[in-house]
*Asks:* 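Okay, handing you the structure first.
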Amino acid sequence: SAPVTAQREQQLSAPPAGSPSSARRNRCLDAAEACTADARCQRLRTEYVAQCLGRAAAGGCPQARCRRALRRFFARGPPALTHALLFCSCVNAACAERRRQTFVPACAFSGPGPAPPSCLAPLDACEHSRVCRPRLLAFQASCAPAPSAPGGCLQDQVPRCLHAYAGLVGTAITPNYVDNASARVAPWCDCGASGNRREECEAFRGLFTRNRCLDGAMQAFDGGWPPVLQDQLDVHQDPEHSLQQKHKEAAYPHGRARSK
């Protein structure tokens, strides 16, 4: 219902209860506020929140509509802002839980049962999906290790890997953070009941759980926090500071003043 959706939207835009983020800001909250300040990001975000928490059928949430709205969010939203919501870094469990809940995992990520299915189920569903299959292939290619490169990954593959990972959100193999104690990600599945396809199952899950290039790309994103997001926050939080910054940039058109 509308009141529930509005309440959830408010929860997504505010620090969780007991969170120290009001005193010590965290990047996931910054990302949420920057999205709220951008009309297109906020509209698309409100749309997926409404679908993922909308009028649930007797059997649960409308997962197909929820996932479709999530795909639209990443396809049409400003990448700097959508990726900031997905890859923001956390230093405490409250922030990490907020990050895990950002894309409404109860609908988009989990299945109807209490236990996760074999990873062969979402993998097979993806292989037969015109939406999911090319995105999985792109993810495999974009986040593939390069043994000959220093560190095992190519320098220029970071943006491609992150873009490909984001493209999987809203598909049959939608990944998410697995807990609030780490930055580990995986689809909602395991390999306990995969029979004679256990090796195939483990290899698929390992694309997320044992992928040094994906891990490195997510860490690199944190090190290069998008300037456009910081600009949004400056405007949203301190209009006067933003105005001063514009004057400063006008005075130094070829670069900011070196002295502070």
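For reference, positions follow the sequence shown, starting with 1. Treat the numbers as computed from the prediction; the structure is a model and nothing was measured.
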*Asks:* How would you list all residue pairs meeting side chain to side chain donor-acceptor pair (under 3.5 Å) that involve residues 201-221, not counting sequence neighbours?
*Replies:*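 Pairs touching residues 201-221 that pass the test: Arg198-Glu202.
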*Asks:* I want to check something: taking the side chain as every heavy atom from C-beta on, are Ile173 and Cys132 in contact at a cut-off of under 4.5 Å?
*Replies:*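 Yes. Closest side-chain heavy atoms under 4.5 Å.
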*Asks:* Would you be so kind as to tabulate the donor-acceptor pairs closer than 3.5 Å made by side chains of residues 72-90, with sequence neighbours excluded?
*Replies:*
| residue | atom | partner | partner atom | Å |
| --- | --- | --- | --- | --- |
| Arg72 | NE | Glu47 | OE2 | 2.5 |
| Arg72 | NH2 | Glu47 | OE2 | 2.4 |
| Thr82 | OG1 | Pro78 | O | 3.4 |
| Thr82 | OG1 | Pro79 | O | 3.3 |
| Ser89 | OG | Asp222 | OD1 | 2.7 |

*Asks:* Are side-chain heavy atoms of Leu53 and Cys107 found at a separation under 4.5 Å?
*Replies:*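 In short, these two side chains do not touch, never coming nearer than 4.5 Å.
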*Asks:* Report the distance from atom OH of Tyr165 to atom CG of Leu168, rounding to the nearest 0.5 Å.
*Replies:*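 Taking OH in Tyr165 and CG in Leu168, the distance rounds to 8.0 Å.
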*Asks:* Quick one: side chains of residues 134-149, donor-acceptor pairs under 3.5 Å with protein atoms, not counting sequence neighbours, listed by atom name and distance.
*Replies:*
| residue | atom | partner | partner atom | Å |
| --- | --- | --- | --- | --- |
| Arg135 | NE | Val131 | O | 3.4 |
| Arg135 | NH1 | Gly167 | O | 2.8 |
| Ser142 | OG | Ala138 | O | 2.8 |

*Asks:* Name all residues meeting the side-chain hydrogen bond (donor to acceptor under 3.5 Å, both in side chains) criterion together with Arg160; count only those two or more places apart in sequence or in a different chain, and write none if there are none.
*Replies:*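 Result, side-chain hydrogen bond (donor to acceptor under 3.5 Å, both in side chains) vs Arg160: none returned.
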*Asks:* Apply the test disulfide bond (SG atoms under 2.5 Å apart) to residues Cys66 and Cys52: give CA-CA distance (whole Å), side-chain angles for both, the deciding distance (0.1 Å), then the verdict.
*Replies:* CA-CA 4 Å; Cys66 169; Cys52 298; 2.0 Å; yes
*Asks:* Starting at OG of Ser118, measure out to CZ of Phe204 and round the result to the nearest 0.5 Å.
*Replies:*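 Separation between the atoms: 9.5 Å.
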*Asks:* Checking Cys28 against Cys95 for the disulfide bond (SG atoms under 2.5 Å apart) test, could you report, in this order, the C-alpha distance in whole Å, the side-chain angles of both residues, the deciding distance, and whether it holds?
*Replies:* CA-CA 7 Å; Cys28 290; Cys95 170; 3.7 Å; no
*Asks:* CZ of Arg43 to CG of Asp38: how many Å apart, nearest 0.5 Å?
*Replies:*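 If I round to the nearest 0.5 Å, the distance is 10.0 Å.
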*Asks:* Pairs under 3.5 angstrom only: tabulate donor-acceptor contacts from the side chains of residues 179-189 to other protein residues two or more places apart or in another chain.
*Replies:*
| residue | atom | partner | partner atom | Å |
| --- | --- | --- | --- | --- |
| Asp179 | OD1 | Ala181 | N | 3.0 |
| Asp179 | OD1 | Ser182 | N | 3.0 |
| Asp179 | OD1 | Ser182 | OG | 2.9 |
| Asp179 | OD2 | Arg184 | NH2 | 2.6 |
| Asn180 | ND2 | Glu97 | OE1 | 3.4 |
| Ser182 | OG | Arg184 | N | 3.2 |
| Ser182 | OG | Arg184 | NE | 3.2 |

*Asks:* Only pairs at least two apart or in different chains count here, so list each side chain to side chain donor-acceptor pair (under 3.5 Å) that has a residue in residues 122-131.
*Replies:*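 For residues 122-131: Asp124-Arg197, Glu127-Arg133.
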*Asks:* Can you list every pair that meets salt bridge (charged side-chain N to carboxylate O under 4.0 Å, His left out) and has a residue in residues 103-118, with sequence neighbours left out?
*Replies:*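 For residues 103-118: none.
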*Asks:* Hey, what do you get for CZ (Phe103) to CZ (Arg67), rounding to the nearest 0.5 Å?
*Replies:*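 CZ of Arg67 is found 14.0 Å from CZ of Phe103.
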*Asks:* Under the criterion side-chain contact (heavy atoms from CB on, under 4.5 Å), I'd like the reasoning laid out for Leu70 against Gln51: C-alpha separation, chi angles, the key distance, then a yes or no.
*Replies:* CA-CA 9 Å; Leu70 279 171; Gln51 291 293 350; over 6 Å; no
*Asks:* Measure across Ala172 and Ala125 and return the closest heavy-atom pair with its distance rounded to 0.1 Å.
*Replies:*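 Minimum heavy-atom separation between Ala172 and Ala125: CB-CB, 3.9 Å.
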